[in-house]
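Read the structure below first, then the notes.
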2 protein chains.
Amino acid sequence: MGARRKLDYDCPIRDVLDRVGDAWSVLTILELSKGPCRFNALRRVIDGISQRMLAVTLRHLERDGLISRRVLPTAPPQVEYALTDRGQSLHAAIGQLNSWAVEHQPGIRADRAEYDDRPDVA
Amino acid sequence: MGARRKLDYDCPIRDVLDRVGDAWSVLTILELSKGPCRFNALRRVIDGISQRMLAVTLRHLERDGLISRRVLPTAPPQVEYALTDRGQSLHAAIGQLNSWAVEHQPGIRADRAEYDDRPDVA
DNA sequence: TGTGGCGGTTCCCTGAAGGTAACTATGAGA
DNA sequence: TCTCATAGTTACCTTCAGGGAACCGCCACA
């Protein structure tokens, strides 16, 4: 949140919004919901994300216990990320929100158009 | 979103995240879910919000058809904001997310503490 | 004739988010 | 031997969201 106001008075939903309000976090969770994935593979599939932001995002998600990080004992060591159970459940919750979005998007779009069209500068 | 990337490829959830990812929008919806409220009353009760951000937030919510704006024919005209049906339903969806947050916050907090404590700079 | 509340709008300026690019080490393959 | 991929980290720089303050017209009250 741009506003670093402390309206985070221990409010639980602020914790989740800090993740869910972040586009990269959501996209990353969506990707990982399809199955485990490595760093550069994620980078290639999450269109437009920078190396730095992917690293930062993954660290945040890992810190919150939403994803797991596993280093594979391969030649150049590869790192596999996967959703934890908690991450899965958040993915489900996001799905709920997504359903709401899908259901209401047409109406929202229409209202926006109407709002933008009316010249009631009055 | 700081990133003005166009990962908004018509993705419905981006629309809703643009509102839900915004702290002020959520707080405003939460306040209005208790009942209609006027501008300055909202300002007083939403701790820390600036006049400008309240105006901006209300306009966004109104544009998306989540709240209604009604000018009362009083002496100094007062303006009453209220959740629309769509706003109510979003409030419900936020409630779902809130439940998730409340349920998982202890675990998240614990994992964060653990993550921060371990000095595996290795 | 102020002063205050109503509901905003406009300006400027800062602080933080995030992009870019350079750098790290290791091993495989040409 | 040179180059690529693996997974990051770090420094630098730009952008823009949002805070703060000033300002608006209007009316009531004292």
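Everything numeric here is computed off the predicted structure, so don't read it as measured data. Here is the naming used below: chain letters follow the sequence lines, and residue numbers restart at 1 for every chain.
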Under 4.0 Å, counting only non-hydrogen atoms across every strand here, what does S50(B) touch: a base, just sugar-phosphate, or nothing?
sugar-phosphate
Candidate nucleotides dT10(D), dG8(D), dT6(D), ranked by approach to the side chain of R52(A) - the nearest:
dT10(D)
With side-chain contact (heavy atoms from CB on, under 4.5 Å) as the criterion, how do L58(B) and F39(B) come out once you've worked through the C-alpha distance, each side chain's angles and the decisive distance to 0.1 Å?
CA-CA 9 Å; L58(B) 289 172; F39(B) 188 88; 3.7 Å; yes
R44(B) CZ to dG8(C) P: how many Å, rounded?
14 Å
Heavy atoms only, 4.0 Å cut-off, all strands: where does R43(A) land among base, sugar-phosphate and nothing?
nothing
Can you check side-chain contact (heavy atoms from CB on, under 4.5 Å) on E62(B) and Y115(A), steps first, answer last?
CA-CA 8 Å; E62(B) 189 196 358; Y115(A) 185 96; 3.7 Å; yes
Between P on dC6(C) and OH on Y81(B), what's the gap in Å once rounded to a whole number?
14 Å
Rounded to the nearest angstrom, tell me the gap between atom CD1 in I46(B) and atom C1' in dG18(D).
15 Å
Once you round it to whole Å, what is the distance between C1' of dA17(C) and CG of L54(A)?
16 Å
So if I take every side-chain heavy atom of F39(A) and compare against dT6(D), dT9(D), dA7(D), which nucleotide ends up nearest?
dA7(D)
So, is R59(A) near the phosphate of dT9(D), with a side-chain N or O under 4.0 Å from OP1 or OP2?
yes
Are W24(A) and V45(A) linked, directly or through other ILVMFWY residues, by side chains that come within less than 4.5 angstrom of each other?
yes
D22(A) CG - dG18(C) C1' separation (whole Å)
11 Å
Measure the distance from CD1 on I49(B) to P on dG8(C) and round it to the nearest whole Å.
13 Å
Using the side-chain heavy atoms of R38(A), tell me which of these nucleotides is nearest: dC6(C), dA7(D), dT9(D).
dA7(D)
side-chain contact (heavy atoms from CB on, under 4.5 Å) between D22(A) and T57(A), worked out:
CA-CA 9 Å; D22(A) 174 23; T57(A) 301; 4.3 Å; yes
Calculate the interatomic distance between E80(B) atom CD and dC6(C) atom C1'; express it in whole Å.
14 Å
Nearest of dG19(C), dG18(D), dG27(C) to any side-chain atom of M53(B)?
dG18(D)
Considering only dC6(C), dG7(C), dG19(D), which nucleotide approaches the side chain of Q51(B) most closely?
dG7(C)
Under a 4.5 Å side-chain heavy-atom rule over Ile, Leu, Val, Met, Phe, Trp and Tyr, are L72(A) and I67(A) clustered together?
no
Nearest to the side chain of N40(B), which nucleotide is it out of dC6(C), dG8(D), dA28(C)?
dC6(C)
Of the listed dT6(D), dC6(C), dG8(C), the closest approach to the Q78(B) side chain comes from dC6(C)
Distance in angstrom units between I67(B) CD1 and dG7(C) C1', rounded:
14 Å
